[in-house]
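Let me begin by presenting the structure, written as structure tokens, before commenting on it.
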Amino acid sequence: MNFGVNSARENEAMTRSISDSAHDGNLANQWASVRAKLQQEVGDVEYRTWLKQVALGGLNGDELLLMLPTRFLRDWVSKEYGALIVAIWQAENPAIRGVEIRAQPSRGTAPNLAEPVMPAANGHAAPSLNGRAEFSLESRAPRTEQRADLPPPLDQRFTFDTFVVGKPNEFAYACARRVAESPAIQGFNPLFLYGGVGLGKTHLMHAIAWELSSRSRGNKAVTVAYMSAEKFMYRFINALRNQSTLEFKNELRSVDVLMIDDLQFLIGKDNTQEEFFHTFNALVDAGKQIVISADKSPSDLSGLEDRLRTRLGCGMVADLHATTYELRISILEAKANRAGVEVPAKVMEFLAHKITSNIRELEGALNRLVAHANLFDRQVTLETAHEVLHDVLRAFDRRITIQEIQKRVAEHWNIRIAEMSSARRSRNIARPRQVAMYLAKQLTSKSLPDIGRHFGDRDHTTVMHAVARVTALMTTDAAFAEDVELLRRMLES
Ligand code: ADP
Ligand code: MG
């Protein structure tokens with residue numbers, strides 16, 4: 001989001017030229033002073049909740065660059081505090097003409113919003129609204145404008161039609177369908193969808209919301225509120241700040257279906273959790289439907305209050321499992337088809353073998369291939385796939401070592417890691433060893449002889465046999481296939 005007008009090219013050039021100049025020290029001092037004033041201006045609560053994570057990115061001509069770890073934060077801070085930040089900077093340094101706020105995940109640290117504390121009756125949150133008026137930019141920085149808005153709440157692409165169903169997600173899909181057909185039906189309230197990142201939780205939630213809104217047009221309208229837990233918190237805090245919590249409560253309690261995405265975000269946010277708990281109870285008691293998603297099952301969401309955890313598990317809990325090879329192929333076929341691009345089966349097989357972590361990454365890889373093919377007006381081939389996805393694939397290879405695989409697999413089946421190289425051939429040892437070889441073939445770029453060497457100097461034909469054996473077994477034994485996919489998922493995460 002940009003509060004000034006510079007072309008991207010200019011931006012880049014200037015950031016480069018200035019970021020390593022001697023102005024940096026100066027800039028840091030100014031930033032420290034601006035931060036202090038900001039904190040004074042908006043009060044502790046808001047500062048800690050929204051502004052503390054803003055990092056100085058550098059100066060870009062006469063435009064300042066600030067960084068935040070998520071797009072959500074960027075949008076919110078730009079909208080609510082952009083003008084104020086510019087005004088305070090200008091007071092500090094009149095040469096500043098605008099501020100650009102970018103989303104850039106800080107490496108290694110997960111974005112972690114401070115828990116808002118309930119402001120005391122006379123909480124310092126309130127004065128900021130007046131304070132902001134004083135800093136109105138109209139006179140000071142006429143170029144300032146708000147360009148991007150919060151993204152629309154529902155993604156058009158996320159419907160039941162576009163959701164590809166396979167073994168790992170068929171149960172969650174069926175539950176979602178059921179709830180979309182008859183919300184608040186006995187046994188499905190709340191519907192709790194969980195699974196790792198990029199496996200389709202948000203997609204299913206949006207699909208439910210679309211279905212409800214399209215079907216309710218003729219009949220009595222069904223009101224649906226969908227929001228991320230992060231958004232829930234932001235709206236709650238905003239209500240506190242504007243002293244409109246009653247409106248907030250009433251609004252939420254008047255919907256027929258409430259959907260909260262990524263509930264794990266509320267861990268450690270006790271006040272917001274408390275508010276959510278009351279909303280939850282009020283809605284369920286009134287016979288309304290709740291749909292929740294999270295990255296773990298209710299019982300594994302440690303850090304949530306026990307009473308909330310218990311209630312979350314009371315309806316239907318459905319897991320989106322790690323993808324299987326078959327599902328990945330079906331998804332690639334569906335997406336290529338939709339995009340109207342011909343992708344050879346060999347390329348899809350290659351992608352489905354290599355990109356196993358989640359559907360988002362798989363989709364990303366396919367999109368990149370398709371974009372490349374369009375741009376250069378070329379066919380998608382195995383060669384272009386290697387070329388275009390070179391970096392992605394290398395990243396996958398680099399992450400996983402045979403030692404790690406052996407360790408994980410041994411732990412999983414509770415055998416000693418030394419058995420990976422031992423000569424013992426009893427089934428309970430040999431099978432895990434074969435799985436480890438299989439995973440080594442799938443997840444690393446090591447050759448068969450190389451892999452054999454890591455397993456007590458076995459011959460490459462032994463490795464080949466192991467790969468074939470595991471592949472065959474996975475098609476006939478679902479529990480075994482699940483074990484192997486689980487291991488793969490753990491190794492890749
Ligand atoms: P999550 O919320 O679990 O992190 P998303 O729902 O955002 O994951 O899914 C990530 C991407 O993968 C989205 O673009 C989504 O459309 C796509 N996707 C996930 N599951 C499926 C599926 N079963 N069929 C088609 N696309 C899917
Ligand atoms: Mg999601």
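Numbering of ligands and ligand atoms starts at 1, following listing order. The first residue in the sequence is number 1, and the count goes up from there.
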Suppose we call two aromatic rings close when their centres sit under 6.0 Å apart. Are [X] and [Y] close by that rule?
X	Y	result
F171	H321	no
F158	F163	no
F232	F248	yes

How does E363 reach ligand 1, by side chain, by backbone, by both or by neither, if only non-hydrogen atoms under 4.0 Å count? side chain
What part of V165, side chain from CB on, backbone N/CA/C/O, both or neither, has a heavy atom under 4.0 Å from ligand 1? neither
Please report whether ligand 1 has a polar contact with [X], defined as an N or O pair separated by less than 3.5 Å (distance criterion only).
X	result
V197	no
I331	no
I359	no

How far apart are the closest heavy atoms of I329 and A352, and which atoms are they? CD1-CB, 3.7 Å
Measuring from atom OG of S293 to atom CG of D262, what distance do you get when rounded to the nearest 0.5 angstrom? 4.5 Å
Check whether any N, O or S atom of T202 sits under 2.8 Å from the Mg ion (ligand 2). yes
Check contact between K335 and ligand 1, using heavy atoms of the residue and a distance below 4.0 angstrom. yes
Does G195 have a non-hydrogen atom less than 4.0 Å from ligand 1? no
